[in-house]
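The structure appears right after this line, and notes come after that.
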Amino acid sequence: MTVTIVGSQLGDEGKGGIVDVYGDAADVVVRYQGGDNAGHTVVRDGEEYKLSLVPSGAVRGKTNVLGNGCVVNPATLFDELDALRERGLDPDVRVARRAHVILPYHRVLDGIEEDAKSETDSEVGTTGRGIGPTYEDKAGRRGVRAGELADPEILRDRLEYVVPQKRALAEDVFGVDVGETEAFDLEALYEEYSDYGRRLREEGMLVDAGAFLADRIDDGETVMFEGAQGTVLDIDHGNYPYVTSSNPTAGGAAVGSGVGPATVGDGEVVGVVKAYLSRVGSGPMPTELAGVEGDTPGYDGDAADHEEELADHIREAGGEYGTVTGRPRRVGWLDVPMLRHAARTSGFTGLAVNHVDTLAGLEEVKVAHAYDLDGETLETIPATTERWADCEPVFRSFDGWQDVDWTAVAETGYDAVPDNARAYLEYLAEEVGAPIYAVGVGPDREETVIVENPF
Ligand code: IMP
């Protein structure tokens, strides 16, 4: 039995909380894409753990796998593992031999390319973790896989081929002098990364992910696939080029872990939805309220007062500030065409809708039910980002719901959710074609109304 958790929007939907609530029943937690660009906070026994690479199951004593579809920064991996051990935990994390390794030059090049793009205001707003450049090298067949770190001769061969190319890319293409920088120093890289390889091998962390998972599933164990980022950040199904470089959608769970698609498809796929929309970085956002200077394309700080107030209110109430940078996130109304697209690409069997409490107290709650594009009504996102940017939301309005004791609501169950909020949720379920499995009504673990547990 497998359960796959997928972000339906632009990341930051609160997947961590849902993984946490459902994860208790999982024996194995697998990440299948992305790397240390995925900040998540896990709270256990009142203790808060901030992780960006290690799956959240590590805090709960599960077996965790970083699948072949991930890009692994070993420095982050061992920092996070050491920090967990210092706090008395004994994390069990396996790394796919086929996963690609983020090297220091990937991070430097991520920054260099963003700087170059910023000259024409076309930067993506990446997390700067080297994600894109690492997947580029994977596709370009010049990457380094985790399994190769443990084989010093192969590692040296790979680095001898690739490091001079990376230096030339920085210096000759982008005109950035990287001089003696360690990130481009072959010997320094070899020393540091063969050490990581030794550690991965000695700690028995390297696995053939597909075979490892197949054995566990054959033994009757339950597996949770933990998607990072979200559907509209998917390299194929997202708003290219304002995307990450992997596949957060459910198909990625099969390719990125080495199990067959039927293994994922026979299980449940839960789409996580934030009850409104938030976005980090650039790109279109038809339902955006006001804007954030520097991130919202073309925004110069000039918005209608009531929109500014509403955006500030939602941002404050929902804590919509970047976990790492503290940057304000862009916020807007829920975008239903986006959710129809997400449900289709991943085949959602259920929805978990978070932040329903954040909208409490508003007189009116709006959603984009459809788009108007040059007089035509669209029910889903157009395939090109430029056309998406031209879409005008066709809004539907819902009566707001009152602020209540949400912990009590979570204890009592779905029937205690205010009527107007339930009308909103049921409309969503109907439009998206998947039932409500959970409703997030606060940041704590206890503040989730569980309607259905997919395990
Ligand atoms: P990258 O994944 O660092 O290459 O960033 C590419 C895009 O994905 C940027 O717009 C980032 O803001 C966005 N992104 C990456 N990871 C996350 C996340 O965990 N939450 C929200 N946005 C993300």
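Atoms within each ligand, like the ligands themselves, are counted from 1 in listed order.
Looking at atom 10 (O) of ligand 1, its nearest protein heavy atom turns out to be Val124 O, 3.5 Å. Distance from atom 20 (N) of ligand 1 to its nearest protein heavy atom, with residue and atom name: Asp12 OD1, 3.3 Å. Among all protein heavy atoms, the one lying closest to atom 5 (O) of ligand 1 is Thr126 CA, 3.4 Å. In terms of protein heavy-atom proximity, atom 2 (O) of ligand 1 is closest to Thr244 OG1, 2.6 Å. Annotation: atom 3 (O) of ligand 1 to nearest protein heavy atom, Thr127 OG1, 2.6 Å. Shortest contact from atom 19 (O) of ligand 1 to any protein heavy atom: Asn37 O, 3.2 Å.
A salt bridge does not link Lys62 to Glu226: none of the charged side-chain nitrogens sits closer than 4.0 Å to a carboxylate oxygen. Ion pairing between a basic and an acidic side chain is recognised when a charged N comes within 4.0 Å of a carboxylate O; Arg329 and Asp12 show such pairing. Ion pair Asp312/Arg315 flagged as a salt bridge, since at least one NZ, NE, NH1 or NH2 atom sits closer than 4.0 Å to an Asp/Glu carboxylate oxygen.
Centroid-to-centroid, the aromatic rings of Tyr193 and Tyr196 come within less than 6.0 Å.
How far CH2 of Trp388 is from CG of Asp335: 6.5 Å, rounded to the nearest 0.5 Å.
Atoms of ligand 1 found under 4.0 Å from any heavy atom of Leu10, numbered from 1 in the order shown, are 21 (C), 22 (N). Interface atoms of ligand 1 facing Ala38, defined by a heavy-atom separation under 4.0 Å, are 19 (O). Atoms of ligand 1 found under 4.0 Å from any heavy atom of Val280, numbered from 1 in the order shown, are 10 (O), 12 (O).
Residue-to-ligand polar distances place Gln229 within reach of ligand 1: an N/O pair is separated by less than 3.5 Å. Considering backbone and side-chain N/O of Arg129, none are found under 3.5 Å from N/O of ligand 1. Taking only nitrogen or oxygen atoms, main chain and side chain alike, Gly125 reaches within less than 3.5 Å of ligand 1.
Only the backbone of Val243 comes within 4.0 Å of ligand 1, counting heavy atoms alone; no side-chain atom from C-beta on gets that close. Residue Leu233 touches ligand 1 through its side chain alone, judged by heavy-atom distances below 4.0 Å.
A search for ring-ring contact (aromatic ring centres under 6.0 Å, His included) contacts involving His40 returns nothing, not counting sequence neighbours. Applying the side-chain contact (heavy atoms from CB on, under 4.5 Å) rule to Ala150 yields the partners Arg201, Leu206; only residues at least two apart in sequence or on another chain are considered.
For the pair Asp110 and ligand 1, no heavy-atom separation below 4.0 Å is found. Contact annotation: Ser245 has no heavy atom less than 4.0 Å from any atom of ligand 1.
Of the N and O atoms on the side chains of Thr380 and Arg340, not one donor lies less than 3.5 Å from an acceptor on the other residue.
Classified by interplanar angle (parallel below 30°, tilted 30° to 60°, perpendicular above 60°), the ring pair His369/Tyr427 is tilted.
Put simply, the side chain of Arg279 gets close to the backbone of Pro284: a donor and an acceptor are under 3.5 Å apart.
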